[in-house]
Amino acid sequence: MPDPDIVVVGGGMVGLASALALGERGLAVALVDPGEGRARTSYGNAGVLSRGSIFPMAGPALWPKLPAYLRNADSALRLNHAHLVRVVPWGLHFLAAARESRWRRAAAALVPLTTAAYPAHERLAERAGTRARLRRSGWLKLYRTEAAFAGAALERAILAEHGVALEILDGAALRDREPALVRPYARAMLLTETAALSEPGALIEACERLFSQTGGRYLRGAVTGLAPEAEGWRVAYAGGAVRARQVVVAAGAASAEILRPLGYRFAFAAERGYHRHYALHPDSPPLTRPVLDTGAGSIIAPMGEGRVRVLSGVELNARGAAPDHRQIEAAAREAAGTLRLGGPLDNQPWMGSRPSTPDGMPVIGRAPRHAGLILAFGHGHIGLSTGPITGELVADLATGAEPALPLAPFAPDRLLRWPRL
């Protein structure tokens with residue numbers, strides 16, 4: 001079989017969207033991935049596709065919460081303290097990014113990406129036959145107290161500056177909009193320019209089928225080596241090797257490990273997260289849109305057929321460490337006070353690792369020291385949402401077209417420099 005024009009490493013949302021976009025541009029594409037569908041971060045996503053998803057984890061609100069975070073006294077974040085020494089570069093960058101000026105800069109950089117995300121999802125869904133899974137329902141951020149709502153004033157101001165549409169609801173209006181909620185909330189923010197994608201894993205499976213149907217080569221196996229050669233690149237994987245003139249590394253949380261032998265030391269961490277599915281009580285109204293309970297630091301998302309997905313906050317730990325279910329168990333207890341839940345529908349909670357950059361922005365661009373190497377990873381919590389538009393940007397880079405969006409804020413070399421604190 002002839003060599004492909006380009007190899008994509010990674011079969012999550014970003015990798016698959018890149019492979020499909022490259023194929024649309026007329027390139028012969030091979031995709032290398034272990035093929036473990038449930039292990040992909042895209043599989044476990046809440047399915048929120050929001051123009052307002054522009055805020056990194058590192059922001060001004062971090063500082064008053066930092067003592068509780070360090071003691072594991074806040075359910076939104078759980079730390080394995082022994083692991084922190086392994087992510088010191090990430091942590092230094094993270095703290096440097098937790099200033100209002102940097103938060104605002106990141107939000108401004110992310111707005112074009114998140115604005116383009118939904119139209120790109122629509123284009124992909126039409127091709128993959130999954131349009132029925134997309135619904136412009138909006139999503140809710142819930143505040144248990146007036147003080148908590150007031151504490152998010154800066155977030156609302158920045159959203160308004162960028163023209164992100166939202167509505168503020170009091171407790172009575174919230175009950176009218178979302179009667180499934182039984183916990184009283186003081187206020188809610190409804191982000192109206194948001195779609196919900198039910199069963200994200202089904203979209204990934206549909207994209208895999210489309211890739212094969214349109215002539216793509218799917219090579220199953222974990223990448224074991226990536227090396228430049230005279231005519232391009234050699235990608236070794238469990239099961240063989242493949243050569244191409246160009247390579248795209250879109251392997252999520254594994255990307256930094258794959259690139260390390262080439263001399264790249266990215267400030268990077270894996271944010272582990274968990275979810276579990278629950279049935280709604282037969283007498284409960286359906287939950288019509290995803291909700292973020294800011295008091296619990298967790299999300300509940302409808303997944304159809306009377307089911308909801310309860311998602312935990314962030315766990316900073318090694319990707320391969322044994323699961324720690326304390327966070328998802330706490331999230332489930334809180335969810336049981338928010339909705340009328342039935343029993344769990346999964347034998348065990350799902351766990352995955354989000355690829356986290358300290359400034360909350362993805363890496364999208366050409367590698368600074370190697371021709372023919374394109375990087376597309378580090379999307380954190382918005383990989384599913386911005387995967388399709390990232391794939392189109394990757395195709396622009398690979399074919400020499402002018403990128404459809406400004407890529408300077410996402411340049412790889414920004415995470416290869418030591419931060420000024």
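All values below were derived from every heavy atom in this structure, side-chain atoms included, with hydrogens, water molecules and symmetry-related copies excluded.
- With hydrogens and angles disregarded, a donor-acceptor distance shorter than 3.5 Å links the side chain of Ser255 to the backbone of Ala251.
- Under 4.0 Å is where a charged nitrogen must lie from a carboxylate oxygen, and between Arg319 and Glu257 at least one such pair does.
- The cationic group of Arg104 does not satisfy the cation-pi geometry with Phe55, failing either the under 6.0 Å distance to the six-membered ring centre or the 45° limit from the ring axis.
- Shortest non-hydrogen contact noted between His93 and Pro358 is CB-CG, 3.1 Å.
- Using a distance-only test at 3.5 Å, with no hydrogens or angles considered, a donor-acceptor pair links the side chain of Asp5 to the main chain of Ala28.
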* To do: Dump the intermediate steps for side chain to side chain donor-acceptor pair (under 3.5 Å) on His379 and Thr390, then the final yes or no.
  => CA-CA 10 Å; His379 292 68; Thr390 299; 3.0 Å; yes
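- Inter-residue side-chain proximity for Tyr185 and Glu178 is flagged as unmet; no heavy-atom pair is nearer than 4.5 Å.
- Side chains of Leu345 and Arg276 form no contact here, defined as non-hydrogen atoms less than 4.5 Å apart.
- By the 4.0 Å N-to-carboxylate-O rule, Glu392 lies close enough to Arg123 to be salt-bridged with it.
- A 4.5 Å side-chain heavy-atom check between Leu287 and Ile300 finds at least one atom pair inside the cut-off.
- We find that Arg131 and Glu126 are joined by a salt bridge, their nearest charged nitrogen and carboxylate oxygen being less than 4.0 Å apart.
- How far OG1 of Thr357 is from CZ of Arg414: 5.5 Å, rounded to the nearest 0.5 Å.
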* To do: Carefully, step by step, assess Leu140 and Leu169 under the rule side-chain contact (heavy atoms from CB on, under 4.5 Å).
  => CA-CA 10 Å; Leu140 285 162; Leu169 309 176; 4.1 Å; yes
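- With respect to Met13, the side chain to side chain contact (heavy atoms under 4.5 Å, CB included) criterion is satisfied by exactly one of Pro200, Ser42, Ser385: Ser42.
- Taking CG of Leu219 as the start and OH of Tyr237 as the end, the distance is 4.0 Å to the nearest 0.5 Å.
- Counting only distance, with no hydrogens or angles, the side chain of His83 and the backbone of Ala321 share no donor-acceptor pair below 3.5 Å.
- In terms of modelled atom types and a separation under 3.5 Å, the side chain of Ser356 and the main chain of Gly380 share no donor-acceptor contact.
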* **Derivation of the side-chain contact (heavy atoms from CB on, under 4.5 Å) call for Met351 and His275** => CA-CA 7 Å; Met351 183 189 77; His275 80 227; over 6 Å; no
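- Rounded to the nearest 0.5 angstrom, Thr194 OG1 and Arg135 CZ are separated by 12.0 Å.
- Residues Ala398 and Ile6 approach most closely at CB-CD1, 3.8 Å, considering heavy atoms.
- The heavy-atom pair separating Gly295 from Asp293 by the smallest distance is N-OD1, 2.9 Å.
- One finds no salt bridge joining Asp74 and Lys65 here, because no Lys/Arg side-chain nitrogen approaches an Asp/Glu carboxylate oxygen to under 4.0 Å.
- Between Gln246 and Ile374, the shortest heavy-atom contact is OE1-CD1, 3.9 Å.
- Side chain of Arg78 to main chain of Ser75: no donor-acceptor pair is present (N/O by atom type, distance under 3.5 Å, no hydrogens or angles).
- For His277, the side-chain hydrogen bond (donor to acceptor under 3.5 Å, both in side chains) partners at least two apart in sequence or on another chain are Arg309, Asp346.
- Shown are Glu315, Gln327, Glu329; of these, the side chain to side chain donor-acceptor pair (under 3.5 Å) with Tyr274 is made only by Glu315.
- Atom CE of Met361 is separated from atom CD1 of Ile54 by 12.0 Å, given to the nearest 0.5 angstrom.
- In this structure, Phe377 has its ring center no closer than 6.0 Å to that of Phe410.
- The main-chain N or O of Val111 is found under 3.5 Å from a side-chain atom of Thr114 such that the two form a donor-acceptor pair.
- Sparse packing is recorded around CZ of Arg245, with 12 or fewer heavy atoms of other residues, nucleotides or ligands lying under 6.0 Å away.
- The heavy-atom pair separating Ala98 from Trp63 by the smallest distance is O-NE1, 2.6 Å.
- Rounding to the nearest 0.5 angstrom, the gap separating the CD atom in Glu167 from the CG atom in Leu174 is 11.5 Å.
- Ser50 and Tyr118 are not linked by any side-chain donor-acceptor pair at a separation below 3.5 angstrom, with hydrogens and angles left out of the test.
- Between Leu226 and Leu262, the closest heavy-atom pair is O-CD2, 3.6 Å.
- The existence of a salt bridge linking Arg25 and Asp396 is confirmed by a sub-4.0 Å separation between a basic side-chain nitrogen and an acidic carboxylate oxygen.
- Within a 6.0 Å radius of CD in Glu231, no more than 12 heavy atoms belonging to other residues, nucleotides or ligands are found.
- No side-chain donor-acceptor contact under 3.5 Å links Arg354 to the backbone of His381.
- Judged by distance alone, with hydrogens and angles left aside, the side-chain atoms of His121 form a donor-acceptor pair with the main-chain N or O of Leu384 at under 3.5 Å.
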* Are Asn45 and Leu311 close enough, and set up right, to give a side-chain contact (heavy atoms from CB on, under 4.5 Å), and what steps lead you there? -> CA-CA 8 Å; Asn45 196 279; Leu311 300 101; 6.0 Å; no
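- For the pair Arg220 and Tyr218, the cation sits on the ring face: its NZ or CZ lies under 6.0 Å from the ring centre, inside 45° of the axis.
- Side-chain contact between Glu155 and Trp103 is present, with at least one heavy-atom pair separated by less than 4.5 Å.
- Looking only at distances, no side-chain donor or acceptor of Arg51 sits under 3.5 Å from a matching main-chain atom of Ala165.
- Looking only at side-chain heavy atoms (C-beta outward), Leu373 and Val249 come within less than 4.5 Å of each other.
- Contact check for Leu31 versus Val7: no side-chain heavy atoms found under the 4.5 Å cut-off.
- Note that the CG atom of Leu280 and the OH atom of Tyr278 stand 12.5 Å from one another [nearest 0.5 Å].
- No hydrogens or angles considered: nothing links the side chains of Arg272 and Ser353 as a donor-acceptor pair under 3.5 Å.
- In this structure, the side chains of Leu154 and Glu100 come closer than 4.5 Å at one or more pairs of heavy atoms.
- Side-chain contact check for Val8 versus Val32: every heavy-atom pair is 4.5 Å or farther apart.
- Asp283 CG: more than 12 foreign heavy atoms inside a 6.0 Å radius.
- Remark: the backbone N or O of Leu79 is paired with a side-chain donor or acceptor of Asn72 at under 3.5 angstrom.
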* **Arg340 vs Val182, side-chain contact (heavy atoms from CB on, under 4.5 Å): CA-CA, chis, key distance, verdict** => CA-CA 7 Å; Arg340 297 180 66 191; Val182 296; 3.9 Å; yes
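- Between the side chains of Glu334 and Ser298, no donor N or O sits under 3.5 Å from an acceptor N or O.
- At most 12 heavy atoms of other shown residues, nucleotides or ligands fall within 6.0 angstrom of atom CZ in Arg86.
- In this structure, Arg369 satisfies the cation-pi test against Tyr264, with its NZ or CZ atom closer than 6.0 Å to the six-membered ring centre and inside 45 degrees of the ring normal.
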